[in-house]
> 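What follows is a structure written as structure tokens; I'll ask about it next.
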Amino acid sequence: MEKQVKISSKLQKAREYEKCALKKGTAAPKQDFHACVPVGWMNDPNGFSEYNGEKHLFFQYHPYNTAWGPMHWGHMKTTDFIHWENMPVALAPDKKYDGFGCFSGGAIEWKGRHVLAYTGVERRKEEDGQCKDYQMQCIAVGDGVNYEKIKENPVITGDKIPEGDSAFDFRDPKIWVDGDIIYMVVGNRSKDGSGQILLYKTLDLKNWEFVTVLDKCNNRYGKMWECPDFFRLEGEDILIVSPQEMEARELEFHAGDGTIYILGSFEKEKAVFTEKVIRALDMGLDFYAPQTMLTSDGRRIMIAWLQAWCASWFDERDGFCGMMTLPRELHIKNGILCQNPVRELESYYQNKVELKEFVPGETYQKYDELSGRVQNLDITLDGEESYQFEIQLAADDVHYTAIKYDKKEQMLTFDRSNSGVRRDAAHVRSMRILSNDRIVKLRIVMDRYSIELFVNGGEQAMTSVIRTPIKSNGVCMRTQGNVKVSVIKHDICLL
Ligand code: FRU
């Protein structure tokens, strides 16, 4: 007989609060087809995994408030990565070792159970009166609804990290199964003040062995490395990390919290990872802490937090703050990690509009047949040498978000300065595109408050929030120079 999982009063309280809040609804409408926090605050995706044939997404969750607070794990399920079903809160910070928060982590299916690995944060008062937050890795096991923290927790503490490295920046376990072994990568801060990724293994979830330092930042890419993920894809080994305190490097990396992928090769027997290529994963304004899962049909799918730590675009007046990117299928093409929206999105396409090989003028022209805020635009630019293309989205008389492409400079710019934002933060990002062939392809996926831009079959991406009034739905274009534009537009309709 299944053992009854004991629900702590803290978890019960969060579940009840969420239920009541959901009945009331939020003041602002949420995204249409992106995973969105039910109420309160959401950050990183956690435990993105398949269990019992269903796809689960957990997330960093503070239901009581639209600001970050004591971290719970919220929970939702999906069959197609487009519809999201809310589930009862999965974890609350209800133990001594995680009383300050159940921080990010991953999940696997193991021996018929759904296993969550997370970071327990315990705030301890030291002898000198100072408070320190110890970070430790913990396990909870469940059935897809209720999860029990195992009695051996915390299973990895500061005594299993290399001598002198930080027990206070030691977080975000991602786990996977390889034969009989369960592996874990965890972010950590080393003696040099910058990040490193530690690799552990176990046969039983309880006894974990330190394997190696998989990779080190050596102060090259930011400082602390958060939310690691490590997987093999089409013959390459890929490490994804979210570095804090990045320095901008021309247009290759932007300043602040970033996300990078390190394409390399991993010799399992020697446990040695060799870096080959390092690139930004998404150059948009709102993309952080991505996590991947492997579906039973063999696809590696990535989802990320559609926000950045430096600015929130929602608050108490909206009743929620937090959403995820559209899940993206990952592939390797010519040594580039490509990301494209899950193919399931296309089953929700409606009202196709196609404009073939036209030349927009040098002043802005409105294309009424392309209007919309919840839609997919596939744009093909066909032109040689030098031209400029500019599209305005979510436009009305005063608002717009612009995407500009300068062929000669190979420069793609996203600019939401006029999108209705009311805060002085970064609103413009540019990147140099990797393949500047005669045909340049832009795919734009819009939901009510987001624009996700994929370039040339997903070789590069830019993801950002817009807070433009929903009724501003115009699309305008202009070009300079010799270029033909083709556009295919589909509305995305969930009902
Ligand atoms: C990343 C992060 C993680 C941490 C979590 C806390 O966004 O800082 O490192 O586990 O958020 O909510």
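Order of listing sets the numbers, starting from 1, for every ligand and every atom in it.
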> Here's one to test your reading of the geometry: is the NZ or CZ of Arg123 within 45 degrees of the ring axis of Phe100 and under 6.0 Å from its centre?
yes

> Counting N and O atoms only, with roles assigned by atom type, does the side chain of Asn153 sit under 3.5 Å from a partner on the main chain of Ile139, one being a donor and the other an acceptor?
yes

> Could you pull out every protein residue that has a heavy atom closer than 4.0 Å to ligand 1, ordered by chain and then number?
Asn43, Asp44, Gln60, Trp68, Met71, Phe103, Ser104, Arg171, Asp172, Glu226, Cys227, Tyr288, Trp309

> Are the side chain of Arg279 and the backbone N or O of Phe253 linked by a donor-acceptor pair below 3.5 Å?
no

> For the residue pair His72 and His62, does the interplanar ring angle fall in the parallel (under 30°), tilted (30 to 60°) or perpendicular (over 60°) class?
tilted

> Thr274 side chain to Gly264 main-chain N or O, any donor-acceptor pair under 3.5 Å?
no

> Flag the pair Phe48 / Phe59 as yes when their ring centroid distance falls below 6.0 Å, and as no otherwise.
no

